[in-house]
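What follows is one structure encoded as structure tokens, with my remarks underneath.
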Amino acid sequence: MRYLPHSDADRQAMLAAIGVGSIDDLFADIPKDLRVHGLDLPKAAGEMSVERTLGRLSARNVAASSVPFFVGAGAYKHHVPATVDHLIQRSEFLTSYTPYQPEITQGTLQVLFEFQTQIAHLTGMEVANASMYDGSTATVEAVLMAHRLTKRKKAVLSGGLHPHYRAVVESLSPMAGDTVLSLPADPNATEDILASIDADTSCVVVQSPSVYGHLIDLAPIAAKAHEVGALLIAVFTEVVSLGLIEPPGAQGADIVVGEGQSIGNALSFGGPYVGLFATRLKFVRQMPGRLCGETVDAEGRRGFVLTLSTREQHIRRDKATSNICTNSGLCALAFTIHMTLLGQTGLARLARVNHANAVKLAESLSKVPGVTLLNDSFFNEFTIRLPGNAADIVEKLVAKGVLAGVPVSRLEPGKAELADLLIVASTEVNTDDDRAAFVAALSEVLA
């Protein structure tokens, strides 16, 4: 932190304000055996020497592309055509971070307009904005938008909502004086969310497919929410699912948000990703972010404009609908290029392949003694119960060259009743050999 202007007294005052004694205390939640205490490098070394040392360190990781990979839970390994990377590296795209000014170039505006059009079609909604930071922050922005629209302060979060998304909502809401009712984790899709909706409810937040992979019928939830004057916020983490299942807009959702990483964007060590946000036209004035529109110029030629921009860069902070204030322009461009290459037919085909691969894997894993499938329906992700601690079993599978999935205990730490659950994803990149390797390795570990 040597480049920051804070004095030692400043640092001590900040640490005291948050109740810790030192900067090291901020990392107390990281297990000691996982902390790196220096890289043991000399003060000076040649570039090749440093590269070799760092290469040996990185080789200790098991890369997603090096072994059969079944990890999902909000970030998915899909094939991204080489065309996408080639086009986004054109200098006019790569070097323009996120143009806030109204006089954005026509090319950039058209790209954003096409992106919005694609998101509106995918979600079954009438309008979409020109991207958000990621799926989790798009979710909390949707909750804040619902509060503004309904003049209420209570959000009900489904137990099938991704725990990271839930945590973001829970972190920001108290700062605005809002109330959050988070329902218990719902790995079996048995919650009665309708019973939690009352006259004080501003919005109900439901993820489908849920973090556990269950497909949720949003229509009855939307009906109950609308009956008491509340809004339904539909969330997704796997955008490819919209190529096969009924869009949330057709099921009565008022706001649809989610993560667009699966289209055009690689895993990239967790980011940057691209948040998607769509809503009904009647709510557009309260939609965060910016909206690009189509028009004609003075000579009647087609053109694009920044139609709506309610971010803090454009108007007074207290009037802004969004203060997270970051979009993902380059990631949105990658999304649009990949989606354009796929087209409607290609996306539907991709979705069918994902579902078929997941069905094959689920059927095979269900035959392994001691393994129980929790899902009656799913897209490309499902949850299994293992005869033991899922995190320990995953580590044993890594040693056998398989990245098997995400233990629920990583998403919901401290909940012993969930420790034997594993979330597994299978996309178009998985082969029959990959699935066979997973089944064989799991059978050996559980034997």
Side-chain angles (χ1 to χ4, degrees), residues 64-65 68-88 111 114-125 128 135 207-210 213-216 218 234-251 256 258-268 273-274 276 278 331-365 375-382 405 423-436 438:
S65 58
F69 184 86
F70 301 94
V71 179
Y76 303 91
K77 181 171 171 54
H78 290 281
H79 172 68
V80 179
T83 307
V84 175
D85 192 53
H86 174 76
L87 290 177
I88 66 171
V111 165
E114 300 294 349
F115 171 82
Q116 293 169 181
T117 303
Q118 291 172 339
I119 302 309
H121 282 304
L122 279 171
T123 58
M125 303 302 283
Q207 179 177 327
S208 181
S210 75
H214 300 284
L215 298 179
I216 308 299
L218 299 176
V235 180
F236 57 86
T237 59
E238 171 56 288
V239 66
V240 175
S241 67
L242 298 180
L244 194 58
I245 66 175
E246 186 177 32
Q251 299 183 60
V256 182
E259 177 56 62
Q261 172 266 324
S262 291
I263 301 293
N265 291 272
L267 287 169
S268 300
Y273 288 167
V274 52
L276 310 180
C331 298
L333 172 66
F335 180 102
T336 297
I337 293 171
H338 191 182
M339 186 61 70
T340 303
L341 291 171
L342 286 169
Q344 182 175 352
T345 301
L347 177 64
R349 184 183 300 118
L350 175 63
R352 285 194 295 271
V353 171
N354 271 249
H355 179 60
N357 282 355
V359 168
K360 291 177 184 177
L361 181 61
E363 290 175 346
S364 298
L365 291 175
N375 302 67
D376 292 326
S377 64
F378 55 86
F379 172 60
N380 68 357
E381 192 166 29
F382 52 86
I423 300 172
V424 179
S426 185
T427 70
E428 78 281 0
V429 302
N430 298 129
T431 65
D432 288 338
D433 288 342
D434 292 338
R435 288 184 284 276
F438 186 0

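Values reported hereafter were calculated over all heavy atoms of this structure, with side chains retained and with hydrogens, waters and symmetry mates removed.
Side-chain atoms of T237 and E259 include no donor-acceptor pair closer than 3.5 Å.
In this structure, OG in S210 is found 7.0 Å from CG in N375, a value given to the nearest 0.5 Å. Annotation: the span from I119 atom CD1 to M125 atom CE amounts to 12.5 Å, rounded to 0.5 Å. With rounding to the nearest 0.5 angstrom, the NE2 atom of H214 is 11.0 Å from the CD atom of E381. The line from NE2 of H78 to CG of N354 is 5.0 Å long, rounded to the nearest 0.5 Å. Between atom CD1 of residue I263 and atom CG of residue L242 there is a gap of 9.5 Å, rounded to the nearest 0.5 Å. To the nearest 0.5 angstrom, T336 atom OG1 is 11.5 Å from I88 atom CD1.
Taking the six-membered ring where tryptophan is involved, the planes of F115 and F335 are perpendicular, since the angle between them exceeds 60° and thus also 30°.
No side-chain heavy atom of N357 sits under 4.5 Å from any side-chain heavy atom of L361. By the 4.5 Å heavy-atom criterion applied to side chains, S262 and Y76 are counted as neighbours. Looking at K77 and S65, their side chains come closer than 4.5 Å, going by heavy atoms from C-beta outward. By the 4.5 Å heavy-atom criterion applied to side chains, Q118 and T340 are counted as neighbours. Residues M339 and V239 have side chains not in contact (no heavy-atom distance under 4.5 Å, counting atoms from C-beta outward). Between I216 and Q207, the closest side-chain pair of non-hydrogen atoms is not below 4.5 Å. The side-chain heavy atoms of E428 and R349, taken from C-beta on, include no pair separated by under 4.5 Å.
Among the candidates V84, V111, V80, the single residue satisfying the side-chain contact (heavy atoms from CB on, under 4.5 Å) test with I337 is V84.
Minimum heavy-atom separation, S241 to P209: OG-CD, 3.7 Å. Of all the heavy atoms in F69 and N430, the pair that sits closest is O-ND2, 2.9 Å. Among all heavy-atom pairs drawn from N380 and A358, the shortest one is CA-CB, 3.5 Å. Smallest separation of non-hydrogen atoms from L122 and L347: CD2-CD2, 3.3 Å. Considering every non-hydrogen atom in both A351 and G243, the closest pair reads CB-C, 3.8 Å. The minimum heavy-atom distance linking A278 with T123 is given by the pair CB-OG1, 3.5 Å.
Considering only residues two or more places apart in sequence or on other chains, A75 meets the side-chain contact (heavy atoms from CB on, under 4.5 Å) condition with Q261, L267, Y273.
The 12-atom threshold is not exceeded at CD of Q344, counting heavy atoms of other residues, nucleotides or ligands nearer than 6.0 Å.
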F382 and L365: CA distance, side-chain angles, deciding distance, side-chain contact (heavy atoms from CB on, under 4.5 Å) verdict: CA-CA 11 Å; F382 52 86; L365 291 175; 4.0 Å; yes
Chi angles and distances behind the side-chain hydrogen bond (donor to acceptor under 3.5 Å, both in side chains) call for T427, E238: CA-CA 11 Å; T427 70; E238 171 56 288; over 6 Å; no
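Of the possible polar contacts, none joining the D434 side chain to the D432 backbone as a donor-acceptor pair under 3.5 Å is found.
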